[in-house]
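Here's the structure we're looking at; comments come further down.
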2 protein chains.
Amino acid sequence: MNENINNKLNAKSIKPTAMRQLVLHVLAEQKSAVSMQELEQKFEKADKVTLYRTLKTFEEKKLIHSIDDGTGSIKYALCRESCQCRPEELHVHFYCTECKQTYCLNDIPIPSVNLPVHFTLENINMVVKGICANCI
Amino acid sequence: MNENINNKLNAKSIKPTAMRQLVLHVLAEQKSAVSMQELEQKFEKADKVTLYRTLKTFEEKKLIHSIDDGTGSIKYALCRESCQCRPEELHVHFYCTECKQTYCLNDIPIPSVNLPVHFTLENINMVVKGICANCI
DNA sequence: AAGTTGATGCAATTGAGTTGCAAAGTTGTT
DNA sequence: AACAACTTTGCAACTCAATTGCATCAACTT
Ligand SMILES: [Mn+2]
Ligand SMILES: [Mn+2]
Ligand SMILES: [Zn+2]
Ligand SMILES: [Zn+2]
């Protein structure tokens with residue numbers, strides 16, 4: 001695989017096995033977030049569990065983030081280069097009810113909320129549902 | 001059951017069966033949102049499926065709303081009196097990672113987001129995770 | 001080479017949600 | 001009251017994504 005792929009894996013201290021290179025390669029060419037099942041179908045022979053554990057590893061190492069878009073299957077997408085997945089750097093996600101795609105709105109940060117007193121924030125998930133520009 | 005319970009059911013044109021009165025009664029005394037499983041355990045003899053369908057009916061009639069807090073089980077909470085569940089009137093939800101409770105922050109409306117051009121909005125889900133005031 | 005650690009593949013399990021269908025209950029009509 | 005039409009309920013069975021257990025394989029370490 002690409003040299004670039006290995007660099008990304010190394011940068012997040014993930015051992016670059018064949019499987020991981022392959023999965024990262026496929027993830028990198030997606031325009032929308034993908035589920036494990038969708039990902040599985042993009043490979044000739046792919047074990048669901050290995051894929052599952054690969055994604056877990058990627059997520060732990062903050063190479064990808066997972067998106068619970070409310071459809072029942074978790075979607076995954078690459079994090080931006082320097083992302084630490086801290087609450088301040090999270091972005092809004094969009095689920096199109098027409099094309100059933102989940103998009104990272106990387107340029108739209110999650111607006112801050114004023115929580116009630118003594119509530120502390122660790123994480124936020126914000127998913128907007130509607131029709132995307134391609135489906136108008 | 002209470003006369004109030006029947007009023008609420010009638011107001012949303014839900015036929016007040018014994019089961020529905022009971023479920024609404026239990027829902028009304030909750031301080032946080034509950035899952036189907038939690039609800040099931042609050043009754044002596046309760047059929048999961050009947051409960052499931054009762055909640056579906058309640059949700060369709062906008063007596064309750066469901067919350068996908070990312071834990072894997074949907075939570076349910078009463079809607080406010082005049083709620084139509086329109087995007088403008090949605091509120092933020094809070095999941096406490098300590099007590100594992102999901103709270104409706106009824107007084108905190110979901111902030112508006114500026115979507116990219118030609119994206120239209122139908123619905124928003126916003127869940128904040130952290131520690132609640134009781135668990136500090 | 002043997003030992004240790006991590007990665008992979010297959011089978012099986014979990015658990016929330018959902019469907020099918022028949023029985024029981026309700027309502028309205030003759 | 002008897003009947004039909006419709007709604008609600010209960011049980012069993014099923015779906016589907018996610019997860020675990022365990023044996024095998026690969027990559028380093030001594
Ligand atoms: Mn994203
Ligand atoms: Mn709520
Ligand atoms: Zn679309
Ligand atoms: Zn708490």
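Residue numbers begin at 1 in each chain, while the letters A, B, ... track the order of the sequences.
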Between atom [atom1] in [X] and atom [atom2] in [N], what is the gap in whole Å?
| X | N | atom1 | atom2 | value |
| --- | --- | --- | --- | --- |
| B:M36 | C:dG17 | CE | P | 6 Å |
| B:L55 | C:dA16 | CG | C1' | 13 Å |
| B:M19 | C:dT26 | CE | P | 15 Å |

- Using a heavy-atom cut-off of 4.0 Å to chain B, what are the terminal contacting nucleotides of DNA chain D, in 5' to 3' order?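 Going 5' to 3' along DNA chain D, contacts run D:dT7 to D:dA12.
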
Identify, with sequence neighbours excluded, every residue that meets side chain to side chain contact (heavy atoms under 4.5 Å, CB included) alongside [X].
| X | result |
| --- | --- |
| A:N134 | A:Y103, A:C132 |
| B:N4 | B:N2, B:K8 |
| A:N123 | A:L90, B:K129 |
| B:S112 | none |

Only pairs under 3.5 Å count here: list side-chain donor-acceptor contacts from residues 28-35 of chain A, not counting sequence neighbours, and write none if there are none.
{"residue": "A:Q30", "atom": "NE2", "partner": "A:V26", "partner atom": "O", "Å": "2.9"}
{"residue": "A:S32", "atom": "OG", "partner": "A:Q101", "partner atom": "OE1", "Å": "2.6"}
{"residue": "A:S35", "atom": "OG", "partner": "A:E38", "partner atom": "N", "Å": "3.2"}
{"residue": "A:S35", "atom": "OG", "partner": "A:E38", "partner atom": "OE1", "Å": "3.3"}

Would you check if the side chain of A:R20 reaches a backbone N or O of A:K15 as a donor-acceptor pair within less than 3.5 Å?
->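 It does hold such a pair.
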
For residues 66-73 of chain B, which residues have at least one heavy atom under 4.0 Å from DNA chain C?
->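 B:G72, B:S73, in order of number.
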
If you look only at distance, which donor and acceptor atoms sit under 3.5 Å apart when one is on a side chain in residues 78-88 of chain B and the other is two or more places apart or in another chain?
{"residue": "B:R80", "atom": "NH2", "partner": "B:D107", "partner atom": "OD1", "Å": "3.4"}
{"residue": "B:R86", "atom": "NE", "partner": "B:E88", "partner atom": "OE1", "Å": "3.2"}

- For A:F94, which residues count as a ring pair (Phe, Tyr, Trp, His ring centres under 6.0 Å) partner, sequence neighbours excluded?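 Result, ring pair (Phe, Tyr, Trp, His ring centres under 6.0 Å) vs A:F94: B:F119.
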
*Going by number, which of residues 45-54 of chain A have a non-hydrogen atom under 4.0 Å from DNA chain D?*
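Result for residues 45-54 of chain A: A:K48, A:V49, A:Y52, A:R53, sorted by number.
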
Pairs involving residues 47-63 of chain A, ordered by first then second residue, that meet salt bridge (charged side-chain N to carboxylate O under 4.0 Å, His left out) (sequence neighbours left out):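 Matches after skipping sequence neighbours: none remain.
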
| request: Keeping to residues at least two apart or across chains, list the ring pair (Phe, Tyr, Trp, His ring centres under 6.0 Å) pairs with something in residues 65-88 of chain B. | output: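 Pairs touching residues 65-88 of chain B that pass the test: B:H65-B:H91, B:H65-B:H93.
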
